[in-house]
Colleague: 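Sending over a structure as structure tokens; questions will come in a sec.
Only heavy atoms go into these numbers, but all of them, side chains included; no hydrogens, no water, no symmetry mates.
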Amino acid sequence: MTNSLGTFVLERMRLLGWSREVLQQRTALDAWTLEAILDAPVLPEWPEPTAMAALARELDVPVRELVLQAAQGSGLDVLAPLSPTETLMLASNEDLMKEVRRRLALGARTGQYIASPSGLLGADVESA
């Protein structure tokens, strides 16, 4: 596990040509906070919401991206894609019904219905 938030922020700083001092001036974060975010091999604690908002604003990235990076840096495996089984378990009944309706409409439109295995594959490939 690595501090993916620190790695992400350092990469954005490099792209912008900023030093640590520039980031500190622009975000108004104290040196301790920046040191914890940038230098720790593992994120020691969750950054304050105000720190995340300031970093997102100045680095011109969505706060969501920083939150995901912080979660990854804290040991949560949030950036890895879900397996089909996990995705199915997280889907609501409404989501599942939308997918069934989508596939039925696609099958009717293309003449390849869900009941046939090859039709299912062909219908999905054509929709991509």
Side-chain angles (χ1 to χ4, degrees):
M1 177 174 63
T2 62
N3 179 357
S4 54
L5 177 61
T7 303
F8 180 81
V9 171
L10 287 169
E11 179 62 20
R12 292 293 297 182
M13 288 171 55
R14 187 186 67 73
L15 290 172
L16 295 167
W18 290 359
S19 66
R20 189 178 295 242
E21 292 76 25
V22 170
L23 182 66
Q24 186 174 356
Q25 285 177 337
R26 293 184 69 110
T27 60
L29 296 175
D30 61 68
W32 290 102
T33 300
L34 282 179
E35 183 178 335
I37 292 171
L38 300 176
D39 297 334
V42 175
L43 200 58
E45 62 183 23
W46 194 264
E48 291 292 324
T50 54
M52 299 287 268
L55 285 169
R57 181 184 64 247
E58 295 304 323
L59 295 173
D60 195 28
V61 296
V63 174
R64 181 182 189 281
E65 179 65 31
L66 291 179
V67 169
L68 288 174
Q69 294 293 338
Q72 186 78 19
S74 297
L76 298 174
D77 196 18
V78 295
L79 298 177
L82 295 174
S83 73
T85 304
E86 291 170 321
T87 303
L88 186 59
M89 291 174 64
L90 294 174
S92 68
N93 284 340
E94 183 179 329
D95 293 334
L96 294 172
M97 289 307 298
K98 282 180 186 176
E99 181 63 14
V100 167
R101 285 191 294 274
R102 183 190 74 79
R103 289 181 181 222
L104 285 171
L106 182 61
R109 200 169 49 243
T110 61
Q112 298 175 342
Y113 294 95
I114 292 178
S116 65
S118 62
L120 175 62
L121 179 61
D124 282 346
V125 171
E126 290 179 11
S127 69

Colleague: Under the rule for side chain to side chain donor-acceptor pair (under 3.5 Å), what residues qualify as partners of Thr27, not counting sequence neighbours?
Modeller: none

Colleague: Among residues at least two apart in sequence or on other chains, which ones pass side chain to side chain contact (heavy atoms under 4.5 Å, CB included) with Arg57?
Modeller: Ala54

Colleague: Should Leu104 and Met97 be regarded as members of a common hydrophobic cluster, given that ILVMFWY residues are connected when their side-chain heavy atoms come within less than 4.5 Å of each other, either directly or indirectly?
Modeller: no

Colleague: Apply the side-chain contact (heavy atoms from CB on, under 4.5 Å) test between Leu38 and each candidate in Thr33, Thr7, Leu10; give the one that qualifies.
Modeller: Leu10

Colleague: What I want to check is whether the side chains of Glu21 and Ser19 have a donor and an acceptor closer together than 3.5 Å.
Modeller: yes

Colleague: Show the nearest heavy-atom pair for residues Leu59 and Trp18, with the distance to one decimal.
Modeller: CD2-CZ3, 3.8 Å

Colleague: Can you list the residues that meet the side chain to side chain donor-acceptor pair (under 3.5 Å) rule with Glu11, with sequence neighbours excluded?
Modeller: Arg14

Colleague: Can you tell me how far CD of Gln69 sits from CZ of Arg12, rounded to the nearest 0.5 angstrom?
Modeller: 11.0 Å

Colleague: Without swapping roles, check the side chain of Asn3 against the backbone of Pro41 for a donor-acceptor pair under 3.5 Å.
Modeller: no

Colleague: Could you pull out all residues at least two apart from Gln25 that satisfy side chain to side chain contact (heavy atoms under 4.5 Å, CB included)?
Modeller: none

Colleague: Going from CG on Leu68 to OG on Ser4, what distance comes out if it is rounded to the nearest 0.5 angstrom?
Modeller: 9.5 Å

Colleague: State the CE-CZ distance between Met13 and Arg26, to the nearest 0.5 angstrom.
Modeller: 11.5 Å

Colleague: I'd like to check the side chain to side chain contact (heavy atoms under 4.5 Å, CB included) partners of Glu94; sequence neighbours left out, ordered by chain and number.
Modeller: Ser92, Lys98

Colleague: How long is the straight-line distance from CG of Leu55 back to CG of Leu5, given to the nearest 0.5 Å?
Modeller: 7.0 Å

Colleague: Can you tell if the side chain of Pro62 reaches within under 4.5 Å of the side chain of Leu66, non-hydrogen atoms only?
Modeller: no

Colleague: Taking side chain as C-beta onward, heavy atoms only, is Phe8 less than 4.5 Å from Gln72?
Modeller: no

Colleague: Do the side chains of Asp60 and Leu16 get nearer than 4.5 Å, heavy atoms only?
Modeller: no

Colleague: CD/Glu58 to CD/Gln24 distance, rounded to the nearest 0.5 angstrom?
Modeller: 13.0 Å

Colleague: Could you work out, with side chain to side chain donor-acceptor pair (under 3.5 Å) as the rule, every residue matching Arg20, not counting sequence neighbours?
Modeller: Asp39

